[in-house]
Amino acid sequence: MSDPPATLTDMTDRWALSPAEDGGAEIVPLGRDGLPAGPVLREPDLVEAVRSRPDVARWVWRSTAEVYPRLLAAGVRVERCYDVEDAETLLLGHEGRHGEPRSAAAALARLRGGQVPPDPPQRPAAPGAQSPLFEPPAAHLPLEDLLAVYAEQQRRHERAEHPDRMRLLTAAESAGMLVAAEMNRAGLPWRADVHREVLHELLGERYAGGGEPRRLAELADEVSAAFGHRVRPDLPAEVIKAFARAGITVRSTRRWELESVDHPAVKPLLEYKKLYRIWVAHGWSWLQDWVREGRFRPEFLAGGTVTGRWVTHGGGALQIPRVIRRAVVADPGWRLVVADAAQLEPRVLAAISRDPGLMEVASRESDLYQAVSDRVFSGDRTRAKLAVLGAVYGQTSGDGLKNLAALRRRFPRAVAYVDDAARAGEEGRLVRTWLGRTCPPPAGRREDADEEAGLPQDAPAVPPASDGWMPGYASTDPRARGRFARNFVVQGSAADWALLLLAALRRACWDMAAELVFFQHDEVIVHCPQEEAGRVVEAIGQAAELAGRLTFGETPVRFPFTTAVVECYADAK
DNA sequence: AGTTCGAGCGCC
DNA sequence: AAAGGGCGCTCGAACT
């Protein structure tokens, strides 16, 4: 590719922008040092200020969510941006200061020594309603204040453990925010009529009054008949009691536990649970709530999780059941290019650990688990996959441990890499992805939190014995934290790579009609005219290799995609 | 009436 | 075969 590594972070043709309350903006060109290289201009119209400067390579602004939807609504795209508040979040994390307010106003107060304002409360996900595409306006931030925070952030990048990687991380996540805003606007092509067909096939007729559809009612009757009395299959407590009356002890009604139970109610019960799930989470009311004018419009949020994976708000966009994917259909004359990174996590582990054996295996485009099994497990691909995933997820029992030992003999550096991360997590030390995204320290480490909240000091902040079902990073159980940290370095570094992939793919599609419409961790969907599909496929392959080089440096590791050009998402696999 | 929580399961 | 990492979403039950 002609795209040299420097372009993602270089300092040329940068302008800063701060929206004014009247729809205008203050803007100023920046020099290579990041400082103003000219007078501040007061523009009456923010959109026109950007539209009339197509040569600006990067816009520095407080918040992409504040500015970019307005530009897109007016048909204006920008090449790159630098999102100051996103960078603040990443830099605070890297500095081990996760809990501190992340707003530009807070950053400014820290810089000037003023009172640091707390962050506004997170918007509660409005259930059943489309969340607004436009962020509620924050208090106006004068351009000179934005520039002061930006300049300080430049210095903080220099103090990072790997300044070049940290610069790449903030640049890449800003690019991700542009992609997310564009995907939010494009929406995923969705055929409501096909969706209804699928629902009818699976669930049968709907009855008036909003009760269960026919098939669910039948299955509920079968369950009751098998128990010999009325049992509502959607109430776990009732099901557990019914099994107890039949002389069978189950701890829960989870599928994997019921599967080993020998009772005539199990089969219809499991079928009920599967269909019930589709009915409540992706049924007719979902369609009503989330699909408009042939598009499903979830709100993608780049970097919404601790590991850097994206989240979505609305409609459970990252959990669309496979059967429902039949409703994702390209527009007439258009195609979906569905691309899935093959065995991404072990390839990432090879790249970050620099394990010679694993890099050699990952240097081929062919099935990585097969290659591992040929070397370690005499051709048993299933065992190889379990061993690798066990190493990444922190498996603690069962055959996985035996397989892990075999893996360790053959790929010692790779296993040592995740073992080291796990130990660091257990000991409460900071753990970072390859580019420098940093896992929060345990909750107990934030000593100042209680004082700020004014809690009585004699009350224990957290019951130490059991901390319920907290996520791993927040848990006070060292083993849970170890498992989290082990996974964090791999999953998070994969998320680093994915940001660079999206940025490269967006650039490659810049002059096409093709649109990125979906992204799910290691899978991307591009919606494009049929005649562009070949170019898009090519672009994905090149973007993947470029992302690998930019993220991890020169390694032999390849990042192949399995790509399908289809009219319907369900036909991709 | 509204909010929180646990259970369960969808995706990776 | 066994049940680990990250999420979002929905329900009913249990609370304020």
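Since the model is a prediction, treat every value here as computed from it, not as a measurement. Below, chain A is the first sequence line, B the second, and so on; all start at residue 1.
- Checking the phosphate oxygens (OP1, OP2) of B:dG10, a side-chain nitrogen or oxygen of A:Arg255 falls inside 4.0 Å.
- If A:Val311 and A:Arg232 are placed on DNA chain C by their nearest nucleotide, the residue sitting closer to the 5' end is A:Val311.
- Closest approach to the A:Arg254 side chain among C:dG5, C:dG12, B:dC9 is made by B:dC9 (side chain taken as heavy atoms from C-beta onward).
- Centroid-to-centroid, the aromatic rings of A:Phe227 and A:His263 come within less than 6.0 Å.
- Between the side chain of A:Arg483 and the backbone N or O of A:Tyr393 there is no donor-acceptor pair closer than 3.5 Å.
- In the set C:dG5, C:dC11, C:dC7, the nucleotide with an atom closest to the side chain of A:Tyr473 is C:dC7.
- Phosphate contact (OP1/OP2 of C:dG6, side-chain N/O of A:Arg309, threshold under 4.0 Å): absent.
- Among the atoms of the strands shown, none is found under 4.0 Å from any heavy atom of A:Ile278.
- When each of A:Arg215, A:Arg196, A:Arg326 is paired with A:Glu201, the salt bridge (Lys or Arg N to Asp or Glu O under 4.0 Å) condition holds for A:Arg326 and for no other.
- At a threshold of 4.5 Å between non-hydrogen side-chain atoms, the residues A:Phe552 and A:Asp496 do not count as touching.
- Residue A:Gln520 is classed as a sugar-phosphate contact, given heavy-atom separations below 4.0 Å to backbone atoms only.
- For A:Leu235, whose side chain is taken as the heavy atoms from C-beta onward, the closest listed nucleotide among C:dC9, C:dG12, C:dG5 is C:dG12.
- Residue A:Thr382 has no polar side-chain atom (N or O) positioned under 4.0 Å from OP1 or OP2 of C:dA1.
- Among the protein residues, A:Gly315 comes within range of the sugar-phosphate backbone only, with heavy atoms under 4.0 Å from sugar or phosphate atoms but none that close to a base.
- Closest to the A:Lys273 side chain, of the nucleotides B:dG8, C:dG12, B:dC12, is B:dG8.
- In terms of heavy-atom proximity, A:Val431 sits nearest to A:Phe488 at O-CE2, 3.4 Å.
- Between A:Leu389 atom CG and C:dG5 atom P there is a gap of 13 Å when expressed in whole angstrom units.
- Contact annotation: A:Arg322 reaches the phosphate of B:dC12 (side-chain N/O to OP1 or OP2, under 4.0 Å).
- Picking from B:dG8, C:dC11, B:dC12 the nucleotide with the shortest atom distance to the side chain of A:Tyr276 gives C:dC11.
- At the heavy-atom level, A:Val306 lies under 4.0 Å from the strands shown only through sugar-phosphate atoms.
- Heavy atoms of A:Ile320 sit under 4.0 angstrom from primed sugar atoms or phosphate atoms, though from no base atom.
- When the nucleotides C:dG12, C:dG6, B:dG8 are ranked by their closest atom to the side chain of A:His521, C:dG6 comes out on top.
- Rounded to whole Å, the distance from OH on A:Tyr569 to C1' on B:dC12 is 10 Å.
- Of all the heavy atoms in A:Ser224 and A:Val231, the pair that sits closest is OG-N, 3.1 Å.
- Look at CG on A:Leu258: it is 17 Å from P on C:dA3, rounded to the nearest Å.
- Note: NE2 (A:His282) to C1' (B:dC9) measures 10 Å, nearest angstrom.
- Taking atom NZ on A:Lys241 and atom C1' on C:dA13, their separation rounds to 12 Å, with Å as the unit.
- Minimum heavy-atom separation, A:Cys439 to A:Phe484: SG-CE2, 3.1 Å.
- Protein atom CG of A:Leu301 is 12 Å distant from nucleotide atom P of C:dC9, rounded to whole Å.
- Within 4.0 Å of A:Arg479, counting heavy atoms only, lies no atom of the nucleic acid at all.
- For A:Val280, taking side-chain heavy atoms from C-beta onward, the closest of the listed nucleotides B:dC9, C:dC11, C:dG6 is C:dC11.
- Taking atom CD of residue A:Gln319 and atom C1' of nucleotide C:dG6, one finds them 11 Å apart after rounding to whole Å.
- At B:dG10, none of the side-chain N or O atoms of A:Arg277 fall inside 4.0 Å of OP1 or OP2 (strictly under the cut-off).
- Nucleotide C:dC11 holds its P atom 15 Å from the CH2 atom of A:Trp286, rounded to whole Å.
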